[in-house]
K.L.:
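The following block contains the structure, expressed as structure tokens.
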2 protein chains.
Amino acid sequence: MPKLGMQPIRSSALIEAVITEIGKSGTMDVTVSQIARRAGMSSALAHHYFGSKNSMFVAAMRHIMTKFHREVRQNLAGKTEAKERVETLICTSFSETNLQPDTTSAWLNFYVFAQKSGEVSRLLRVYHNRLESNLRHELRQLVPGKEAIVAEGIAAIIDGAYIRRVLRGKTDFLDNPENIALDYLHMSLKTYGRDTAH
Amino acid sequence: MPKLGMQPIRSSALIEAVITEIGKSGTMDVTVSQIARRAGMSSALAHHYFGSKNSMFVAAMRHIMTKFHREVRQNLAGKTEAKERVETLICTSFSETNLQPDTTSAWLNFYVFAQKSGEVSRLLRVYHNRLESNLRHELRQLVPGKEAIVAEGIAAIIDGAYIRRVLRGKTDFLDNPENIALDYLHMSLKTYGRDTAH
DNA sequence: CCTGTTTTATTGATTGATGAATCAATAAAG
DNA sequence: CTTTATTGATTCATCAATCAATAAAACAGG
């Protein structure tokens with residue numbers, strides 16, 4: 001019963017399955033068969049569409065990054081004030097979707113995978129650069145001369161919070177993780193900000 | 001030529017080799033043969049002493065953690081002032097040894113591995129709890145009521161900085177990474193500290 | 001509106017490589 | 001003659017990737 005035009009349906013089913021399986025197992029040693037089974041097809045078909053396990057991983061990563069990017073743009077829309085825009089960048093990083101266990105687990109695994117795959121490494125670099133350049137751009141007006149270090153700090157807190165989330169589960173996380181980053185931002189504004197007065 | 005008492009020598013050679021190999025490949029898919037070769041012995045002997053690849057990884061992790069713990073205790077010795085002690089905790093995390101590429105790479109990989117192995121997960125939790133409880137203990141006097149969130153922030157920055165270091169290499173890291181954490185500490189002291197003066 | 005050819009979808013079985021773990025054998029101390 | 005050290009060869013399992021085969025839709029011309 002081959003309905004035509006299955007390719008996009010199969011692809012996205014596989015991509016979802018990759019993320020779910022990585023999340024379930026916590027590692028990237030998941031077999032193509034596991035992924036294919038979860039996506040409701042044979043491993044041969046998975047290979048038929050993606051060619052290799054590697055490209056499934058890369059596609060999954062691209063998918064996560066694209067989703068994130070879309071979310072950022074959506075949340076930034078209409079916001080013009082620099083401080084508000086930085087806060088939006090922070091909060092989007094900690095949004096419901098991005099804190100989904102499967103997503104964070106996949107992130108962490110892609111970080112490791114980047115050391116193996118040049119393509120993933122490049123993707124990750126692009127993503128990092130974009131986030132930090134976004135941050136720096138807004139911070140330039142808020143904490144002139146200090147935008148680089150503050151941006152780096154915010155980015156580090158985001159990554160660190162992700163890790164801790166993956167490691168310990170959300171249970172014993174004291175506070176909403178975004179509050180740490182927001183706190184850091186507000187203290188930086190007070191300390192280095194051009195308008196220290198409220 | 002079996003000289004007796006080889007066990008400890010072989011063990012530590014293997015542990016070193018595990019860390020080096022993980023660092024070299026960036027992942028934990030290194031073979032026992034690779035590890036054994038680097039440690040100057042056959043893979044059979046490696047199995048003879050450790051039983052399984054898994055216990056080699058666990059032993060390597062224990063080794064890194066023990067070394068770190070020793071370094072912390074050493075650096076803290078004699079320091080009594082709370083602020084100084086927190087700064088020492090931060091700086092030790094970013095010491096020369098702990099920023100060695102192989103070490104950071106191994107760290108990151110163990111983070112991922114923790115999701116597979118209950119033992120590693122427990123080890124990591126112990127380590128994290130110890131660091132944060134140390135931080136909280138000192139911070140209690142410095143930023144009363146806020147020690148939990150500040151400790152969490154410092155810990156997150158440390159983890160985040162590690163990741164970024166692994167990902168990008170030390171080249172395009174703007175500043176010494178400890179400065180971000182130290183900055184965060186000092187701003188927290190100014191904002192929440194009991195002695196805002198000075 | 002048939003009929004054969006091409007394209008797309010799909011899978012069970014096979015191949016080939018890889019690598020963890022075990023074994024059998026050797027040898028030097030004690 | 002038992003214990004410790006050591007390895008080359010072997011076993012056994014796992015998987016990524018490919019193949020051969022099946023089937024159904026689309027399409028072609030008569």
Side-chain angles (χ1 to χ4, degrees), chain A residues 1-22 24-61 106 109-110 112-113 116-120, chain B residues 1-22 24-61 106 109-110 112-113 116-120:
Chain A
M1 59 286 272
K3 307 114 188 174
L4 287 215
M6 290 304 281
Q7 195 265 339
I9 296 156
R10 295 305 199 182
S11 287
S12 56
L14 280 169
I15 286 171
E16 286 297 323
V18 167
I19 295 165
T20 311
E21 282 299 317
I22 291 180
K24 273 244 170 328
S25 102
T27 346
M28 279 177 60
D29 3 326
V30 290
T31 68
V32 174
S33 302
Q34 280 168 41
I35 296 166
R37 190 171 327 122
R38 179 169 299 273
M41 71 194 83
S42 71
S43 72
L45 191 55
H47 273 103
H48 172 64
Y49 282 121
F50 274 96
S52 75
K53 191 181 177 178
N54 229 288
S55 17
M56 292 183 218
F57 284 143
V58 173
M61 171 136 193
N109 275 286
F110 289 143
V112 169
F113 191 49
K116 268 265 149 106
S117 153
E119 189 173 5
V120 171
Chain B
M1 56 290 271
K3 308 114 187 175
L4 288 213
M6 290 306 280
Q7 196 265 337
I9 295 156
R10 294 306 199 183
S11 287
S12 56
L14 280 168
I15 286 172
E16 286 297 325
V18 167
I19 295 165
T20 311
E21 281 299 318
I22 291 180
K24 273 245 172 326
S25 103
T27 345
M28 279 174 65
D29 7 327
V30 290
T31 68
V32 174
S33 301
Q34 279 168 41
I35 296 166
R37 190 171 326 123
R38 180 169 299 273
M41 72 194 82
S42 71
S43 71
L45 191 56
H47 273 103
H48 172 65
Y49 281 121
F50 275 97
S52 75
K53 191 181 176 179
N54 228 288
S55 16
M56 292 181 219
F57 284 143
V58 173
M61 171 135 193
N109 275 286
F110 289 143
V112 169
F113 192 49
K116 267 266 151 104
S117 152
E119 189 173 6
V120 171

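Computation of the quantities below employed the complete heavy-atom set of this structure, encompassing side-chain atoms and omitting hydrogens, waters and symmetry-equivalent molecules. This is a predicted model, so every value here is computed, not measured.
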K.L.:
Name all residues meeting the ring pair (Phe, Tyr, Trp, His ring centres under 6.0 Å) criterion together with A:Phe113; count only those two or more places apart in sequence or in a different chain, and write none if there are none.
P.N.:
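A:Phe113 satisfies ring pair (Phe, Tyr, Trp, His ring centres under 6.0 Å) with A:Phe57 only.
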K.L.:
Is A:Asn54 close to A:Glu119 at the side-chain level, that is, under 4.5 Å between some pair of heavy atoms?
P.N.:
no
K.L.:
Rounded to the nearest angstrom, tell me the gap between atom CG in A:Leu45 and atom P in C:dA13.
P.N.:
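Atom-to-atom, A:Leu45 to C:dA13, this comes out as 17 Å.
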K.L.:
Name all residues meeting the side-chain hydrogen bond (donor to acceptor under 3.5 Å, both in side chains) criterion together with A:Ser25; count only those two or more places apart in sequence or in a different chain, and write none if there are none.
P.N.:
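Listed in chain order: nothing, the list is empty.
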K.L.:
Strictly below 4.0 Å, heavy-atom distances to any atom of DNA chain C: list the hits from residues 14-22 of chain B, or just say none.
P.N.:
none
K.L.:
Can you name the side-chain contact (heavy atoms from CB on, under 4.5 Å) partners of B:Ser42, sequence neighbours left out?
P.N.:
B:Ala44, B:Leu45
K.L.:
C:dT8 phosphate, OP1 or OP2: any side-chain N/O from A:Arg10 under 4.0 angstrom?
P.N.:
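For A:Arg10, the contact criterion (side-chain N or O under 4.0 Å from OP1 or OP2 of C:dT8) is not met.
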K.L.:
Of all residues at least two apart in sequence or in a different chain, which pass the side-chain hydrogen bond (donor to acceptor under 3.5 Å, both in side chains) check with A:Ser12?
P.N.:
none
K.L.:
Using side-chain contact (heavy atoms from CB on, under 4.5 Å) as the criterion, list what pairs up with A:Gln7, not counting sequence neighbours.
P.N.:
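So A:Gln7 forms a side-chain contact (heavy atoms from CB on, under 4.5 Å) with A:Ser11, A:Tyr49.
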K.L.:
Going 5' to 3' along nucleotides 17-23 of chain C, which nucleotides have protein heavy atoms under 4.0 Å from the base (write B), which only from the sugar-phosphate (write S), and which from neither (write -)?
P.N.:
--SSBBB
K.L.:
Within the pair A:Tyr49 and C:dA9, is there a side-chain N or O less than 4.0 Å away from OP1 or OP2?
P.N.:
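Indeed, a polar side-chain atom of A:Tyr49 lies that close.
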K.L.:
Measure from the side chain of A:Ser42, starting at C-beta and using heavy atoms only, and say which of D:dA26, C:dT10, C:dT11 lies closest.
P.N.:
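Selected nucleotide (nearest to the side chain): C:dT11.
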K.L.:
Please list all pairs passing the salt bridge (Lys or Arg N to Asp or Glu O under 4.0 Å) test where one or both residues lie in residues 45-59 of chain B, with sequence neighbours left out.
P.N.:
none
K.L.:
Check the distance between C:dG12's C1' and A:Arg37's CZ and give it to me in whole angstrom.
P.N.:
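For the pair A:Arg37 CZ and C:dG12 C1', the rounded distance is 14 Å.
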K.L.:
Quick one: list whatever passes side-chain hydrogen bond (donor to acceptor under 3.5 Å, both in side chains) with A:Arg38, sequence neighbours left out.
P.N.:
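Checked A:Arg38 against side-chain hydrogen bond (donor to acceptor under 3.5 Å, both in side chains); matches are A:Glu21.
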